[in-house]
A.B. asks: 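Take this structure, written in structure tokens, and hold onto it; I'll ask about it next.
Atoms within each ligand, like the ligands themselves, are counted from 1 in listed order. The analysis underlying the following values was restricted to heavy atoms, covering all of them including side chains, and did not include hydrogens, waters or symmetry mates.
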Amino acid sequence: MINRAIELIRNRSNPVVFTGAGMSRESGMRTFRGEEGLWKEYSPERLSSISGLREEPEVVWDWYKMRLMAGEGVKPHAGYRALTHLQKLKGHLPVITQNVDGLHSISGQTDVLEIHGSMRTASCLKKCGFSTQLSHEILKETPPLCPVCGTILRPDIVLFGESLPQETIARSYELAEECDLLIVIGTSVQVWPAAGIPFAALENGVDVIEINPARTELPHSESVISVRRKAGEILPLLVGLKE
Ligand code: OAD
């Protein structure tokens, strides 16, 4: 499996990367599902939904403050550096991510499609036009308020009950359908419509490499090369940075 993955990554000219929370696990960020996942301990309906934000803005903002603090000082691991290297090597390597931690961009990658938004910025819930980087200053108040119109701010993350950014998700599906290799890293492939991206690739005859220590919803088939390893361990080897 590993040799086949190395060969495909080396030889294909138009690959695309698709990542989830497992990509950032070795940088210290927690995943959502599984035994150690955030959703074992916290309620997504209460803490990560648009209705939760409207009903209990203090509770929701306390949770985002905690996640922001957990992300402070977090650094991209060797797997991120490997993807940055691969992007330079190929000249063109779009990265579709469900992650909101910004680590792909922090690693120097470009053409990053953040389909679930970003935890680094916030904007006015009433859409008056105000938006800001999230800083300790802004987070002194809970919930933080819009300095222009006084409404509460919201993190620029797609909350449950909201649609994904239409252009970004449409381009992501297009990229997955038209590429010649989709590299799927660290996602349980359970949250739609993001989860449909690898299936759209497979339906269009695209080979998929999956990097994940655990089994997922992706089928057993000739087109799916499953590398059951951790992203930070295996990506440097797959892109030729390590023997
Ligand atoms: P999940 O928590 O559902 O899945 C994480 C996956 O990463 C699992 O399949 C793990 O086996 C795998 N994993 C763990 N450690 C890994 C490692 N070191 N290397 C590679 N893989 C590893 O996270 P997502 O699939 O990203 O949505 O979840 C999708 C969405 O659900 C998130 O974007 C978030 C959440 O609710 C929103 O907030 C809208």
Side-chain angles (χ1 to χ4, degrees), residues 1-2 5 17-53 60 63-64 66-68 70-71 74-83 95-104 112-122 154-165 168-169 172 182-199 208-219 224-239:
M1 283 297 173
I2 290 180
V17 169
F18 174 53
T19 65
M23 179 70 209
S24 294
R25 185 68 200 98
E26 289 151 277
S27 285
M29 300 299 284
R30 285 176 69 181
T31 59
F32 294 96
R33 293 171 187 81
E35 277 314 303
E36 292 173 5
L38 286 164
W39 296 154
K40 270 256 164 196
E41 212 175 314
Y42 302 98
S43 150
E45 290 79 20
R46 187 171 184 213
L47 298 173
S48 205
S49 73
I50 188 69
S51 52
L53 180 68
V60 172
W63 144 261
Y64 277 107
M66 182 205 83
R67 284 188 65 198
L68 278 163
V74 160
K75 292 199 177 65
H77 57 67
Y80 274 102
R81 291 194 290 280
L83 289 182
V95 177
I96 306 163
T97 188
Q98 297 164 87
N99 298 344
V100 296
D101 55 28
L103 285 179
H104 286 292
V112 179
L113 288 90
E114 293 179 312
I115 57 179
H116 287 167
S118 165
M119 205 163 64
R120 289 173 300 165
T121 60
R154 54 151 309 145
D156 287 335
I157 288 177
V158 178
L159 298 166
F160 288 106
E162 292 185 308
S163 315
L164 268 56
T168 314
I169 191 74
S172 301
L182 185 71
I183 308 170
V184 178
I185 312 167
T187 174
S188 60
V189 197
Q190 285 189 38
V191 176
W192 289 75
I197 289 172
F199 292 102
V208 170
I209 294 176
E210 179 182 53
I211 300 166
N212 194 321
R215 272 208 65 185
T216 69
E217 307 288 323
L218 290 187
V224 180
I225 295 96
S226 301
V227 179
R228 298 269 165 255
R229 298 278 292 272
K230 293 181 180 173
E233 269 172 28
I234 200 68
L235 276 165
L237 190 96
L238 295 183
V239 308

A.B. asks: What is the ring orientation for Y42 with W63, classed by angle as parallel under 30°, tilted 30 to 60°, or perpendicular over 60°?
C.D. replies: tilted
A.B. asks: Using the test salt bridge (Lys or Arg N to Asp or Glu O under 4.0 Å), find all partners of R33 that sit at least two apart in sequence or belong to another chain.
C.D. replies: none
A.B. asks: Might you list the protein residues in contact with ligand 1, defined as having a heavy atom under 4.0 Å from one of its atoms, sorted by chain and number?
C.D. replies: G20, A21, G22, R25, E26, T31, F32, R33, W39, Q98, H116, V158, F160, G186, T187, S188, V191, I211, N212, P213, A214, K230, A231
A.B. asks: List the steps and the verdict of side chain to side chain contact (heavy atoms under 4.5 Å, CB included) for F32 and V191.
C.D. replies: CA-CA 11 Å; F32 294 96; V191 176; over 6 Å; no
A.B. asks: Strictly by salt bridge (charged side-chain N to carboxylate O under 4.0 Å, His left out), give each pair with a member in residues 182-195 just once, sequence neighbours left out.
C.D. replies: none
A.B. asks: Whether R25 and E36 form a salt bridge (side-chain N of Lys/Arg under 4.0 Å from carboxylate O of Asp/Glu) is what I want to check.
C.D. replies: yes
A.B. asks: Name all residues meeting the salt bridge (Lys or Arg N to Asp or Glu O under 4.0 Å) criterion together with E233; count only those two or more places apart in sequence or in a different chain, and write none if there are none.
C.D. replies: R229
